[in-house]
Undergrad: 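Okay, here's the structure, questions in a sec.
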Amino acid sequence: MKPVHGAAMRHNRKTMSDPLHAVSERFALAFATVAGRFADPIVRPSDHADAQINGALGVAKELGTNPRQVAEQVLEAAGDVSDICSSLEIAGPGFINVTLSNQFLSTQLKSVMSDQRLGVRVAPTRIMAAVDYSAPNVAKEMHVGHLRSTVIGDSIVRLLEFVGHTVIRENHIGDWGTPFGMLIEHLIDMGQDTAAQELGVGDLDNFYREARNKFDVDDAFKERARARVVLLQGGDTETLSLWRTLVSESTHYFNRVYQLLDVLLTDADIKGESSYNSLLGPVVERLRLAKLLETSDGADVVFPAGFNNRDGDPLPLIIRKGDGGYNYATSDLACVIDRTERLGASLLIYVVGAPQAQHLKMVEAVATQAGWLTPPAQMMHVAFGNVLGSDGKMLKSRVGDTVKLAALLEEAVERATVAIAQKNPEMAVDERSQVAHMIGIGAVKYSDLSTDRVKDYVFDWERMLSFDGNTAPYLQYAHARMCSIFRRAGVERISVRSVGPIIFDGREHTLAIRILQFDSAVWDALDKYSPHRLCTYLFELATDFTAFYEHCPVLKADTDEQRMSRLYLCDAAARVLECGLNLLGIRAPEQM
RNA sequence: GCUCACGUAGCUCAGCGGAUAGAGCACUUCCCUCCGGAGGAAGGGGUCGCAGGUUCAAUUCCUGCCGUGGGCACCA
């Protein structure tokens, strides 16, 4: 799967609010003049200034001259840039250190913050994207693997929608296949009502384990289960009714978890494997007509180029098994057809664990060969790693079982409740429970989102619920403080928005630049489907705010003008922080 | 065996071809009756897995090796 190219996802950089881009634009012509061709000024954040321009070094090499000399020529060619830069210095081997003009930042802030979108650009070409995420299995407990898919997928959905794309959420639940024979027979043994009860309260693992156990030790049961699969696939009315009981009880349970987790998924987003049944036959037929289908060891397969098995022989994607049954490759291909041809989606995102990489590549290869996936339509595997315990191994409960997602989320809320009761005992009990939910769930989601998704991450209650460091509670706390100032001041937040900020202090300056970089941060996260990049930005924003708050008195400012200006910065920072957290699927309480 | 990821401070993690590689926690020293102390300042701590290569410049790109984990024909 190739990275996203083309106009659909890129944006016209001319409207970027990031001040570094203004610098880049302003110096582009000067670099072209000096270099005699287009040359990227290469503007980057810097430890030594607001930004550094690195382009002179490369140009000097090309011209065979001294980089510092090139830098001087560039400065000369750029002419008067005092409207955006208050200082320009050549440093080191030929860097140009840039300090942005306070006046410029002030003007930019006022313009950007008057926008409901806080400067975040809309995609120039709006596309339709199908995001495949969460995907729990019917009659099976949700675990931390589903947590990652659900949380990351949900954030990507929010990001895509925020920039104007149309998103179809696809919850590809596992509601079909051979295990349903044993599950239905177990349901019959238990009695529908009892079984519904057990599934309804979320004891899915127990139900599944019992069914599995009987299947393994009881030959008669095994035989019934096999016969039941045939009935199910044959569309037997009574069997389908029993099957529907399993599905609906499970989905009720999933919905409870989704509600607790505060994600966008609803019943309307469920697109179970069973819903593709009628499309599986046509997949085979179309592959046959396209002359891609071959028979190998009794199975109908396609051999996409470039895939080998452990013996070095071509590796097939099995479309139809030797016993005539279909498997998940068939179903995934049916999904591609459905999403591209029926829904008209041009971006197919799969928020699925990293181990599925090869399978998805093979599906993509076959779908492309068959002509079901033609550019600019593309598949994108948003892969993620495992959740580990503090021992560095896959997260397990004390007993060694997989951790139930529902139990984990409840524990998060409980822990947050304790923390808030300790730190803010005055808060009313009902408000406390609401806030505890936002903090606890936010902490879990943020700990999942804030590191590079492709890596494994270590699950650690204490760290994720800490109010220090790169955590959700720290960001939420920063937001609550921003809001708190307005209550203290007795000023409506909206009322400060008509004034313009006056940037003077260094901390105000730094904070203003950070706020203006929200657009860059959102697009950066979206370009790489990496919410953690947005997390890093929000953490820096909160850090910059804290420094500002510490050193720049707001309510006790020297003048009314300065007080209003600083309130303006508080409001702007709060708006960006709340919006950013929202794009991660995390709530930002006004008090905590 | 082939293949795909990952390897950065004691721990957990950022890091966009650019200057002296950052953050939080932990540790050491110090400060402050301050708009929410759920503070602030300073400090110690690194052969960026190893070795080559490309480049004016490599933690970043390329190749090889080492280590860890995953995948490699009818489970999904």
Side-chain angles (χ1 to χ4, degrees), chain A residues 42-48 52-55 57-62 67 91-95 97 135 137 172 174 176-179 273 296-301 306-329 331-332 353-359 361-362 383 385-386 390 392-394 419 422-424 447 450-452 454-458 460 462-464 466-471 473-474 477-478 480-481 484-485 487-489 520 524 532-533 535-536 539-540 543 546-547 549-557 563 566 570 591-592:
Chain A
I42 314 181
V43 180
R44 296 283 183 271
S46 174
D47 294 336
H48 309 278
Q52 58 186 57
I53 303 175
N54 300 334
L57 288 82
V59 170
K61 170 68 183 173
E62 192 179 306
F95 304 112
N97 286 344
N137 293 308
H172 195 70
W176 203 253
T178 46
E273 287 184 297
S296 177
D297 289 346
D300 290 335
V301 305
F307 295 91
N308 296 311
N309 67 15
R310 62 181 78 230
D311 299 322
D313 300 325
L315 180 68
L317 187 66
I318 295 171
I319 307 301
R320 193 170 199 183
K321 300 186 286 184
D323 67 3
Y326 302 110
N327 67 4
Y328 77 139
S331 160
D332 281 344
Q356 303 276 354
Q358 181 177 273
H359 166 71
K361 273 189 187 141
M362 291 179 79
N386 296 315
S390 51
K393 295 179 186 160
M394 296 276 281
Q422 239 171 25
K423 287 167 175 165
N424 193 354
S447 80
S450 60
T451 61
D452 189 355
V454 83
K455 298 183 187 176
D456 295 347
Y457 82 93
V458 176
D460 182 333
E462 229 170 278
R463 205 170 53 242
M464 75 176 74
S466 165
F467 289 76
D468 293 304
N470 189 10
T471 68
Y474 175 75
Y477 176 62
R481 284 168 113 185
S484 152
I485 291 175
R487 284 194 300 274
R488 278 275 191 154
S520 294
D524 188 34
H532 91 276
R533 290 176 168 271
C535 293
T536 302
F539 176 59
E540 287 165 343
T543 304
T546 303
Y549 181 82
E550 199 66 39
H551 294 90
C552 302
V554 177
L555 301 182
K556 296 172 188 166
R563 183 176 135 113
R566 286 178 176 173
C570 292
Q591 294 184 62
M592 58 189 276

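Chain naming here is simple, since letters A, B, ... match the order of the sequence lines and numbering starts at 1 in each.
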Undergrad: Take the protein atom NZ of A:Lys556 and the nucleotide atom P of B:G36, then report the distance between them rounded to whole Å.
TA: 9 Å

Undergrad: Looking for any heavy atom pair under 4.0 Å, which part of the strands does A:Ser46 touch: base, sugar-phosphate only, or nothing?
TA: base

Undergrad: From CD1 of A:Ile53 over to P of B:G17, roughly how many Å is that when rounded to an integer?
TA: 18 Å

Undergrad: What does A:Ala383 touch in the nucleic acid at a heavy-atom separation under 4.0 angstrom: a base, only the sugar-phosphate, or nothing?
TA: nothing

Undergrad: Categorize A:Cys552 for me: base, sugar-phosphate, or nothing, with a 4.0 angstrom heavy-atom threshold over every strand shown.
TA: base

Undergrad: Roughly how many Å apart are B:A14 and B:C30, using the P atom of each and rounding to a whole number?
TA: 35 Å

Undergrad: What stems, by residue range, does RNA chain B take part in, given at least 3 consecutive Watson-Crick or G-U pairs under 3.5 Å?
TA: B:1-7 with B:66-72, B:10-13 with B:22-25, B:27-31 with B:39-43, B:49-53 with B:61-65

Undergrad: Take atom C1' in B:G1 and the same atom in B:U8, then report the distance between them in whole Å.
TA: 31 Å

Undergrad: What's the closest nucleotide to the A:Arg487 side chain, out of B:G18, B:G36, B:C13?
TA: B:G36

Undergrad: Between B:A21 and B:A9, how far apart are the C1' atoms? Round to whole Å, please.
TA: 11 Å

Undergrad: Is there any protein nitrogen or oxygen under 3.5 Å from a nitrogen or oxygen in nucleotides 6-9 of chain B, and what are the pairs?
TA:
| unit_1 | atom_1 | unit_2 | atom_2 | d |
| --- | --- | --- | --- | --- |
| B:G7 | OP1 | A:Lys455 | NZ | 2.9 |

Undergrad: Identify all pairs in which a protein N or O lies below 3.5 Å from an N or O of nucleotides 68-73 of chain B, and state each distance.
TA:
| unit_1 | atom_1 | unit_2 | atom_2 | d |
| --- | --- | --- | --- | --- |
| B:G71 | O2' | A:Gln358 | NE2 | 3.4 |
| B:A73 | N1 | A:Ser296 | OG | 2.6 |

Undergrad: Quickly work out the A:Ile42 CD1 to B:A19 C1' distance and round it to whole Å.
TA: 14 Å

Undergrad: Taking OP1 and OP2 of B:A19, is either one under 4.0 Å from a side-chain nitrogen or oxygen of A:Arg44?
TA: no

Undergrad: Using whole Å, what does the distance between atom P of nucleotide B:U12 and atom NE2 of A:His532 come to?
TA: 17 Å

Undergrad: Does the side-chain ring of A:Phe95 sit on the six-membered ring of the B:G18 base, less than 5.5 Å centre to centre and under 30° in tilt?
TA: no

Undergrad: With rounding to the nearest 0.5 Å, note down the distance linking CZ in A:Arg481 to CZ in A:Arg488.
TA: 12.0 Å

Undergrad: Would you mind classifying the nucleic acid contact of A:Val554 as base, sugar-phosphate or nothing, using non-hydrogen atoms under 4.0 angstrom?
TA: base

Undergrad: Which residues satisfy the ring pair (Phe, Tyr, Trp, His ring centres under 6.0 Å) test with A:His172, sequence neighbours excluded?
TA: A:Tyr276

Undergrad: List the residues meeting side-chain hydrogen bond (donor to acceptor under 3.5 Å, both in side chains) with A:Ser46, not counting sequence neighbours, and say none if there are none.
TA: A:Gln52

Undergrad: Tell me which nucleotide among B:G36, B:A14, B:C13 gets nearest to the side chain of A:Thr536.
TA: B:A14

Undergrad: Rounded to the nearest angstrom, tell me the gap between atom CZ in A:Phe467 and atom P in B:G39.
TA: 10 Å

Undergrad: Can you give one letter per nucleotide of nucleotides 24-31 of chain B, 5' to 3': B if a protein heavy atom sits under 4.0 Å from the base, S if only from the sugar-phosphate, - if neither?
TA: SS------

Undergrad: Determine the Euclidean distance between corresponding C1' atoms of B:C62 and B:G43; express it in Å to zero decimal places.
TA: 40 Å

Undergrad: Checking A:Tyr474 now: which residues fulfil ring pair (Phe, Tyr, Trp, His ring centres under 6.0 Å) with it, not counting sequence neighbours?
TA: A:Phe539

Undergrad: Which nucleotide sits closest to the side chain of A:Asp47: B:G22, B:G36, B:A14?
TA: B:G22

Undergrad: If you look at every strand shown and take non-hydrogen atoms under 4.0 Å, does A:Tyr457 touch a base, only sugar-phosphate, or nothing?
TA: sugar-phosphate

Undergrad: Could you check whether A:Tyr328 and the base of B:A76 form a stacked pair, meaning centres closer than 5.5 Å and planes differing by less than 30°?
TA: yes

Undergrad: Give one of base, sugar-phosphate or nothing for A:Asp332, where a contact means two heavy atoms less than 4.0 Å apart.
TA: nothing

Undergrad: Need one value for A:Gly174: base, sugar-phosphate or nothing, where a base atom within 4.0 Å counts as base even if backbone is also close, heavy atoms only.
TA: nothing

Undergrad: Quick one: pull up OG1 in A:Thr543 and CG in A:Asn470 and give me the separation to the nearest 0.5 Å.
TA: 8.0 Å

Undergrad: How long is the gap from CD1 on A:Ile485 to CG on A:Leu555, to the nearest 0.5 Å?
TA: 6.0 Å

Undergrad: Using the P atom as the reference point in each nucleotide, state the distance between B:G46 and B:G22 in Å, no decimals.
TA: 14 Å

Undergrad: Which listed nucleotide (B:G18, B:A38, B:G36) is nearest to the side chain of A:Gln52?
TA: B:G18

Undergrad: Between B:U29 and B:U33, how far is it from one C1' atom to the other, in whole Å?
TA: 23 Å

Undergrad: Tell me if a side-chain donor or acceptor on A:Asp311 pairs with a main-chain N or O of A:Asp313 at a distance below 3.5 Å.
TA: no

Undergrad: Find the distance A:Asp524:CG to B:C16:P and express it as a whole number of Å.
TA: 9 Å

Undergrad: What is the distance, rounded to the nearest whole Å, between atom CG of A:Asn137 and atom C1' of B:C75?
TA: 11 Å

Undergrad: Check whether A:Ser331 reaches the backbone of A:Glu273 with its side chain - one donor and one acceptor, N or O, closer than 3.5 Å.
TA: no

Undergrad: When the distance from NE2 of A:His551 to P of B:C34 is rounded to whole Å, what number comes out?
TA: 15 Å

Undergrad: Identify, with sequence neighbours excluded, every residue that meets side-chain hydrogen bond (donor to acceptor under 3.5 Å, both in side chains) alongside A:His48.
TA: none

Undergrad: Taking only residues two or more places apart in sequence, or in another chain, which ones meet A:Arg320 in a salt bridge (Lys or Arg N to Asp or Glu O under 4.0 Å)?
TA: none

Undergrad: Taking only the C1' atom of each, what is the distance from B:U54 to B:U63 in whole angstrom?
TA: 11 Å

Undergrad: Rounding to an integer number of angstrom, what distance separates B:A38 and B:U47 when you compare their C1' atoms?
TA: 39 Å

Undergrad: Could you walk me through whether A:Tyr457 and A:Ser447 pass side chain to side chain contact (heavy atoms under 4.5 Å, CB included), step by step?
TA: CA-CA 9 Å; A:Tyr457 82 93; A:Ser447 80; 3.9 Å; yes

Undergrad: Closest approach to the side chain of A:Glu273, judged atom by atom: which nucleotide of B:G36, B:U12, B:A76 is it?
TA: B:A76

Undergrad: Going from OG on A:Ser390 to CZ on A:Arg463, what distance comes out if it is rounded to the nearest 0.5 angstrom?
TA: 10.0 Å

Undergrad: Checking all strands, does A:Glu540 fall into the base, sugar-phosphate, or nothing category for heavy-atom contacts under 4.0 angstrom?
TA: nothing

Undergrad: Using 0.5 Å steps for rounding, measure from the CD atom of A:Gln358 to the CG atom of A:Leu315.
TA: 5.5 Å

Undergrad: Using a heavy-atom cut-off of 4.0 Å across all strands, would you classify A:Ala60 as base, sugar-phosphate, or nothing?
TA: nothing

Undergrad: Return the polar atom pairs (N/O with N/O) between nucleotides 54-57 of chain B and the protein under 3.5 Å, or none.
TA:
| unit_1 | atom_1 | unit_2 | atom_2 | d |
| --- | --- | --- | --- | --- |
| B:C56 | OP1 | A:Lys61 | NZ | 2.9 |

Undergrad: Could you pull out all residues at least two apart from A:Arg563 that satisfy salt bridge (Lys or Arg N to Asp or Glu O under 4.0 Å)?
TA: none

Undergrad: Only counting residues at least two apart or in another chain, list the ones meeting ring pair (Phe, Tyr, Trp, His ring centres under 6.0 Å) with A:Tyr328.
TA: A:His359

Undergrad: Report yes if at least one side-chain N or O of A:His48 is closer than 4.0 Å to OP1 or OP2 of B:U20; otherwise report no.
TA: no

Undergrad: NA contact type, A:Pro67, heavy-atom cut-off 4.0 Å: base, sugar-phosphate, or nothing?
TA: nothing

